[in-house]
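For reference, the structure is listed below as structure tokens.
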Amino acid sequence: MQMRNIVLSITALGLVGVASTASAETWRFGLEETEGSVQYGYAEEFKKLIEEKSDGDITVELLPYGSWGSNYSALYDAIQNGAIPLGFGSGFLGGTVPESQLMSLNFVMPNDQLETAEILNSDDFLKSDAWQESFRERGLVPLATLPEGYQVWTANKEIRTPEDMENLQIRVMDNSLLRATYEAYGASPITIAYGELYSALQQGQAEGNIQPVFAHENMGFYEVQDYMIFADQSQFIANFIGNEEWYDGLSDEQREMLESTLDEMVQKGHDIQSQFNSERLETIKENSDINIIHLDESEREAFRELAKPVRQTYVDMVGERGQKALDIVLKHVEQSGDKAE
Ligand code: 6CS
């Protein structure tokens, strides 16, 4: 009798095991950045929350830059075809979702970075038809938006005015709006892959760079540049995207869990980027004698004026949906009273 009970218990345990294996699934999450980056820090926290909330039924597999390849369009293709259902898309995503270049506009978002995160993750913006359709038309869903810190210029010379930027071969991510912006500043922007940028800067193929502080440190770019210039002209903003079919196929319970996690990640993402950027600035200061410059208001004003017409360039490039998305952002920025313009 005793033996029979033991066998029954083992069988029951076995069944439980089988049932939980059958419902277990893996969410693959492709990152544009390496370990030690803001995207990686965000993804680690996201993974922790999803795995806890799903009681281990879901495993989130992190695929940092390099593990899926190094050509961003390969990552975006994999998200579009569902091989990697989750991922980040930032500046290079402009070729796949032109409207996403909204995130590259200069002097548009509020100065307050948490406020920026809140606006770009509000239902009013993120769930708007304009933003949703822009991604869904390409088989994607915009899940969240992650500001990763201010974009900081580096060069081997001091830059305080547009004249200082004249003809500077500054490296920009592959997107027409960034090229238009830096051409408006008088520079000669060039595009180089992220993984090739260190040697391009070292060899002088690129004369300047634009990255959030953590990336200047994480990728070692600061080692081969003499000046670091804070103009607070824009923030580096990544889109957290999902495969459309994958997202629409989630159960109600899974979608609720995902949405509540994304809500929690707005503040956590902000905390991660603030901490990473301030700590890495200290590391850069300790390890180098790079010259750090902060532009004052009147110096920023000259760049702000040149950036203004690029808003219209964005609308001309991407059309009505872009105009609507931009209008939503501008309305919130206006209401926040913290205008960057
Ligand atoms: O500049 C780039 O290409 C890359 N920089 C960062 C901080 N993240 C991904 C992006 O593609």
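Just so you know, ligand 1 is whichever comes first in the structure, and atom 1 is the first atom listed for that ligand.
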Where ligand 1 meets [X] - atom numbers and elements under 4.0 angstrom, heavy-atom basis:
{"X": "M173", "result": "1 (O), 2 (C), 3 (O), 10 (C), 11 (O)"}
{"X": "P212", "result": "7 (C)"}
{"X": "A215", "result": "7 (C)"}

Has [X] got any heavy atom lying under 4.0 angstrom from an atom of ligand 1?
{"X": "R171", "answer": "yes"}
{"X": "Y72", "answer": "yes"}
{"X": "G91", "answer": "no"}

Can you find an N/O atom of E148 closer than 3.5 Å to an N/O atom of ligand 1?
no
Mind checking whether [X] contacts ligand 1 via backbone (N, CA, C, O), side chain (CB onward), both or neither, at a 4.0 Å heavy-atom cut-off?
{"X": "F92", "result": "side chain"}
{"X": "S37", "result": "neither"}
{"X": "Q211", "result": "side chain"}

[X]/[Y] aromatic ring centres below 6.0 Å:
{"X": "H294", "Y": "F230", "value": "yes"}
{"X": "Y194", "Y": "F92", "value": "no"}
{"X": "Y42", "Y": "F276", "value": "no"}

To check you understand the geometry: which heavy-atom pair defines the closest contact between S234 and L105, and what is its length?
CB-O, 4.0 Å
If you compare all heavy atoms of L326 against all heavy atoms of L102, which two are closest, and at what distance to 0.1 Å?
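Looks like CD1-CD1, 3.7 Å.
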If we ignore angles and hydrogens, is there a donor and acceptor under 3.5 Å between the side chains of Q254 and E25?
yes
Indicate whether any N or O donor in one side chain lies under 3.5 Å from an N or O acceptor in the other, for N106 and Y185.
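Result is yes, a qualifying pair exists.
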When you measure from atom 8 (N) of ligand 1 to every protein heavy atom, which one gives the shortest distance, and what is it?
E33 OE2, 2.7 Å
Is the side chain of R300 donor-acceptor paired with the backbone N or O of D232 at a distance under 3.5 Å, no angle test?
yes
